[in-house]
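Reminder, nothing fancy here: chain letters follow the sequence lines and each chain counts from 1.
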Amino acid sequence: MIQVYNTEARKKAPLEPVVPGHVNMYVCGPTVYDSCHIGHARPAVVFDTIRRHLEYSGLSVTFISNITDIDDKIINRANELGITCKALAGRYQDEYESDMARLGVRSPTIRPKATEHIGEMIDLIKGLEEKGIAYVTPRGVWFDVSKFADYGKLSGRKTDDENTEHRVEQDQEKKNPQDFALWKFSKPGEPEWDSPWGKGRPGWHIECSAMSGKYCDFQLDIHGGGADLSFPHHENEIAQSEAYTGKQFVKYWMHNGFITVGKDDDDEEIKMGKSKGNAFWLHDAFEVASPAALRMWILGTHYRGPLLYKPEFLKTGENSLDRIYNCLEAITRYLGEGGIKEAVGGETGAFSEECENADKAFREAMDDDFNTPQALAVVYELVGKANSAVTSGASKADCAKALLTIHAHLGVLGLPVERPKDGGAGADQFIKLLIEIRTEARKNKDFALSDKIRDDLAAMGVVLNDRSGETTWTAK
RNA sequence: GGCGACGUAGCCAAGUGGUAAGGCAAUGGUUUGCAAAACCAUCAUGCAUCGGUUCAAAUCCGAUCGUCGCCUCCA
């Protein structure tokens with residue numbers, strides 16, 4: 001049974017979807033007004049991995065992740081650059097999707113855009129207005145928090161909390177400081193849509209409610225996002241959705257922890273955020289290490305915990321991954337030309353059982369609130385055993401089974417099953433030529449030449465490995 | 001001020017009552033022309049500190065110290 005930590009209940013509970021065998025997941029996507037920083041990678045990788053494990057466990061999953069393509073930040077940025085909001089959002093959505101693809105994040109089942117669901121949002125706001133929960137002021141349409149008794153149940157905040165009054169923007173027109181915008185009237189020059197209340201644009205929170213409503217009938221099994229979203233964003237989503245339908249909106253709220261960044265000057269850790277001017281862009285991180293290593297680094301910590309970012313951590317992720325790929329390549333060489341197909345039917349031994357135990361342990365780790373560090377430990381233990389099996393000449397059927405098991409686990413974790421090669425494809429033939437020359441030199445005991453070839457290639461990032469009678473290479 | 005999280009080896013990080021996983025780094029050995037990879041061995045009598053509960057605590061309770069997050073756009 002899969003156990004899920006629910007932010008609202010603040011404890012783990014068995015995952016029991018509304019419809020047995022099927023899970024509806026909604027994960028808050030990005031506001032596309034700039035390039036992705038590494039903070040965007042965590043929820044995407046975490047919830048993608050959760051989705052993969054649910055499917056590995058035999059559940060079907062509808063995975064929805066939205067794109068917020070209209071918002072104050074988008075308007076401001078578009079004005080700065082002198083382009084339309086649509087052009088800006090389109091550009092950064094493309095960038096987001098390509099960055100996520102590099103990280104092995106699968107496309108969601110549905111990727112709804114806010115601007116394509118204005119009608120649904122208006123219908124929702126109308127419904128709230130009819131129930132007397134929304135009211136209109138000269139600036140927009142607001143949600144009346146005092147009309148929703150459960151307000152604050154997710155974050156543990158109360159509407160009469162006097163401390164919030166110091167913080168929340170004071171607006172004389174609002175009935176309560178915590179009332180939030182459902183619809184904002186447009187100022188001249190801003191993008192706008194017609195509505196029963198006047199031209200304007202939707203508030204930030206309404207899109208997730210409207211789109212969950214459209215695609216999942218206001219009933220989500222899992223709703224995920226970054227920990228910062230639980231208040232006010234998710235709190236407000238609950239208010240809108242449950243006030244509208246009168247039924248429970250989300251069964252399990254899941255929030256990933258934050259990434260913090262070590263400051264370069266001294267050892268001070270400070271929060272990563274664009275407002276602080278120390279964003280670490282994803283494309284910068286990809287310069288330091290492969291996307292797979294970045295994913296490895298994220299999965300090396302439990303998703304709810306804090307994650308400290310230092311570029312060198314990506315390097316160790318790379319080294320860890322190498323251990324896995326070295327093993328997989330060793331098994332593949334061991335299986336020979338017949339490969340997995342030929343090996344699979346063969347005679348199995350004790351190691352076969354180890355593989356089954358490993359799969360069981362892997363599932364147990366992931367079933368326990370998606371404990372990816374524990375799951376990775378299981379993978380490494382199997383890697384060690386598989387290495388021994390290959391060197392001790394275990395049955396090929398067993399080794400093939402280990403290979404398939406590790407492949408399956410890498411698949412759940414969303415890591416590539418083959419070592420990512422970032423060297424140019426054209427380089428391959430030249431490296432092979434150099435290896436041939438070096439092999440000749442070694443036969444002639446010309447070690448000065450053979451070592452020069454190996455060292456010089458290493459300096460270029462190509463590492464040669466002499467195995468029994470064969471030389472292979474990997475890109476570093 | 002309100003709410004919450006965390007403090008486990010040189011580094012990263014699981015473990016929430018039964019005697020400290022895993023990875024990176026490091027050291028010795030086997031192997032190798034030398035390397036690399038792999039394998040074997042070593043690497044926390046101790047889990048921020050101090051008390052308490054218990055047959056038993058990293059795990060539960062209390063206090064202290066320290067770090068961080070949310071409360072405002074943020075993944």
May I ask you to say what [X] touches in the nucleic acid, namely base, sugar-phosphate or nothing, with a heavy-atom cut-off under 4.0 Å?
X	result
A:His255	nothing
A:Gly384	sugar-phosphate
A:Glu381	sugar-phosphate
A:Asp451	base
A:Phe447	base
A:Gly156	nothing
A:Ser450	base
A:Arg438	base

Separation of [X] atom [atom1] from [N] atom [atom2], in whole Å?
X	N	atom1	atom2	value
A:Asp446	B:C34	CG	P	16 Å
A:Glu364	B:G15	CD	C1'	14 Å
A:Arg295	B:A75	CZ	P	19 Å
A:Leu308	B:U67	CG	C1'	11 Å
A:Asn465	B:U32	CG	C1'	12 Å
A:Trp473	B:A37	CH2	C1'	17 Å
A:Ile38	B:A75	CD1	P	13 Å
A:Ile75	B:C73	CD1	C1'	13 Å

Taking [M] as the reference, what is the distance to [N] when you measure between their [atom1] atoms (whole Å, please)?
N	M	atom1	value
B:U19	B:U59	C1'	12 Å
B:C61	B:U67	P	24 Å
B:A5	B:C40	C1'	41 Å
B:A26	B:C74	C1'	41 Å
B:G23	B:G62	P	37 Å
B:A20	B:U30	C1'	29 Å
B:U31	B:A36	C1'	12 Å
B:A48	B:C65	C1'	8 Å

From C-beta outward on [X], which listed nucleotide comes closest to its side chain: [options]?
X	options	answer
A:Trp204	B:A75, B:C73, B:A14	B:C73
A:Gln374	B:A21, B:A75, B:G23	B:A21
A:Arg442	B:C34, B:C24, B:C71	B:C34
A:Lys73	B:C68, B:C12, B:C73	B:C73
A:Pro373	B:C70, B:G22, B:A14	B:A14
A:Ala377	B:C24, B:A75, B:A21	B:A21
A:Ser388	B:G15, B:G22, B:C40	B:C40
A:Thr391	B:A38, B:A75, B:C24	B:A38

If pairing requires Watson-Crick or G-U wobble contacts with both distances under 3.5 Å, which nucleotide is the partner of [N]?
N	result
B:U45	none
B:C65	B:G7
B:A35	none
B:G28	B:C40
B:U16	none
B:A56	none
B:G1	B:C71
B:A21	none

On RNA chain B, check which nucleotide each of A:Arg304 and A:Leu376 is closest to and give me the residue with the more 5' one.
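It is A:Arg304 whose nearest nucleotide is closer to the 5' end.
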RNA chain B: A:His205 or A:Asp322, which has the more 5' nearest nucleotide?
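Closer to the 5' end of RNA chain B: A:Asp322.
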Taking the six-membered ring for Trp, are the ring centroids of A:Tyr252 and A:His223 within less than 6.0 Å of each other?
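No, the ring of A:Tyr252 stays outside the 6.0 Å limit from the ring of A:His223, centre to centre.
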So, is the end of the [X] side chain (NZ or CZ) under 6.0 Å from the ring centre of [Y] and within 45° of the ring's axis?
X	Y	value
A:Lys73	A:Tyr33	yes
A:Arg51	A:Phe63	yes
A:Arg363	A:Tyr56	yes

Determine whether a donor-acceptor pair (one donor, one acceptor, N or O, separation below 3.5 Å) exists between the side chain of [X] and the base of [N].
X	N	value
A:Asp466	B:C34	yes
A:Arg454	B:C34	yes
A:Arg323	B:G23	no

Enter the distance from A:His117:NE2 to A:Ile206:CD1 here, rounded to the nearest 0.5 Å.
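Result: 13.5 Å between the selected atoms.
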Using 4.0 Å as the upper bound for N to carboxylate O, is an ion pair formed by [Y] and [X]?
X	Y	value
A:Lys452	A:Asp455	no
A:Asp322	A:Arg419	yes
A:Asp48	A:Arg295	yes
A:Lys153	A:Glu235	no

A:Tyr303 and A:Asp369: side-chain donor and acceptor closer than 3.5 Å?
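Distance-only check passes for A:Tyr303 and A:Asp369.
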[N] phosphate, OP1 or OP2: any side-chain N/O from [X] under 4.0 angstrom?
X	N	value
A:Trp297	B:G23	no
A:Asn319	B:G23	no
A:Asn387	B:A37	no

Verify stack between A:Phe258 ring and B:G69 base, 5.5 Å, 30 degrees:
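Per 5.5 Å and 30° rule: no stacking.
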